[in-house]
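One structure is given below, encoded as structure tokens.
Computed from a predicted model, the values in this text were never measured in an experiment. Just so you know, these numbers use all the heavy atoms, side chains as well, and skip hydrogens, waters and symmetry mates.
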Amino acid sequence: MNLLLAFALAAGLTTPVHPAPAAPRPENVPAGTTCYEGRDANGAYYAIAVPKKWNKNLDVHAHGGPDLDDPTPERTRDDLNRRAVMVKEGYAWAGSS
């Protein structure tokens with residue numbers, strides 16, 4: 001069992017990790033905020049914002065229901081722009097389409 005656990009831990013440590021690419025800051029998001037955007041393997045776009053004075057809390061945004069349109073990076077970026085008040089209050093924000 002210990003050998004299996006050691007192998008699993010070693011495999012996890014050697015798996016490449018790619019950070020999300022940096023993205024432009026939407027207009028309502030405060031200056032000094034680090035923003036990231038990307039797309040996952042299933043086609044969903046995501047946006048992440050971490051304020052300069054982060055209070056170590058994260059606000060995760062989830063849509064209230066299905067959308068019949070194809071996901072777009074603009075939709076997720078618009079969600080961040082509308083909810084920028086959370087980032088202004090020191091919360092990191094993450095959302096996906």
Side-chain angles (χ1 to χ4, degrees):
M1 183 66 152
N2 287 339
L3 183 59
L4 181 60
L5 180 58
F7 179 78
L9 287 173
L13 293 175
T14 60
T15 302
V17 176
H18 302 286
R25 180 179 51 86
E27 70 178 78
N28 292 337
V29 174
T33 299
T34 304
C35 296
Y36 304 94
E37 289 183 352
R39 191 171 193 190
D40 73 12
N42 295 311
Y45 291 93
Y46 61 87
I48 302 167
V50 181
K52 188 173 185 175
K53 293 184 180 182
W54 182 27
N55 65 16
K56 305 300 183 222
N57 289 289
L58 172 65
D59 179 37
V60 178
H61 173 72
H63 289 282
D67 189 340
L68 300 178
D69 295 328
D70 289 335
T72 65
E74 291 79 17
R75 178 178 174 196
T76 305
R77 198 176 301 127
D78 290 345
D79 289 339
L80 171 55
N81 211 28
R82 280 193 300 278
R83 290 162 181 83
V85 67
M86 297 302 291
V87 180
K88 290 176 184 173
E89 293 298 321
Y91 293 85
W93 186 94
S96 178
S97 60

**Message:** Can you list everything that forms a side chain to side chain contact (heavy atoms under 4.5 Å, CB included) with Asp69? Sequence neighbours excluded, please.
**Reply:** Asp67
**Transitive ILVMFWY cluster of Trp93, excluding itself - 4.5 Å side-chain cut-off** = Val29, Leu80, Val87
**Message:** For the CD atom of Glu37 and the OH atom of Tyr46, what is their distance to the nearest 0.5 Å?
**Reply:** 9.0 Å
**Fill in**
Contacts of Asp70 meeting side-chain hydrogen bond (donor to acceptor under 3.5 Å, both in side chains) (sequence neighbours excluded), chain-then-number -> none
**Message:** As an exercise, state the distance from CZ of Arg77 to OG1 of Thr72, rounded to the nearest 0.5 Å.
**Reply:** 8.0 Å
**Prompt:** Is it true that Arg82 and Asp79 have a side-chain N and a carboxylate O under 4.0 angstrom from each other?
**Reply:** yes
**Asked** Considering all heavy atoms of both residues, which atom of Cys35 and which atom of Ala49 are nearest to each other, and what is their separation?
**Response** SG-CB, 4.2 Å
**Those residues that, when tested against Tyr91, pass side-chain hydrogen bond (donor to acceptor under 3.5 Å, both in side chains) (two or more places apart)** = none
**For Thr34, all residues meeting side chain to side chain contact (heavy atoms under 4.5 Å, CB included), sequence neighbours excluded** = Tyr36
**Prompt:** Under the 3.5 angstrom rule, does the side chain of Thr33 hit a backbone N or O of Val50 as a donor-acceptor pair?
**Reply:** no
**Request:** List the atom of Asn42, the atom of Asp40, and the distance in Å for their closest heavy-atom pair.
**Result:** N-OD1, 2.9 Å
**Request:** Apply side-chain hydrogen bond (donor to acceptor under 3.5 Å, both in side chains) to Arg25 and list each qualifying residue two or more places apart in sequence or on a separate chain.
**Result:** none
**Prompt:** For Asn57, does its backbone N or O pair with a side-chain atom of Asn55 as donor and acceptor, under 3.5 Å?
**Reply:** yes
**Message:** Looking at every non-hydrogen atom in both residues, tell me the closest pair between Pro24 and Pro26 and how far apart they are.
**Reply:** O-CD, 3.5 Å
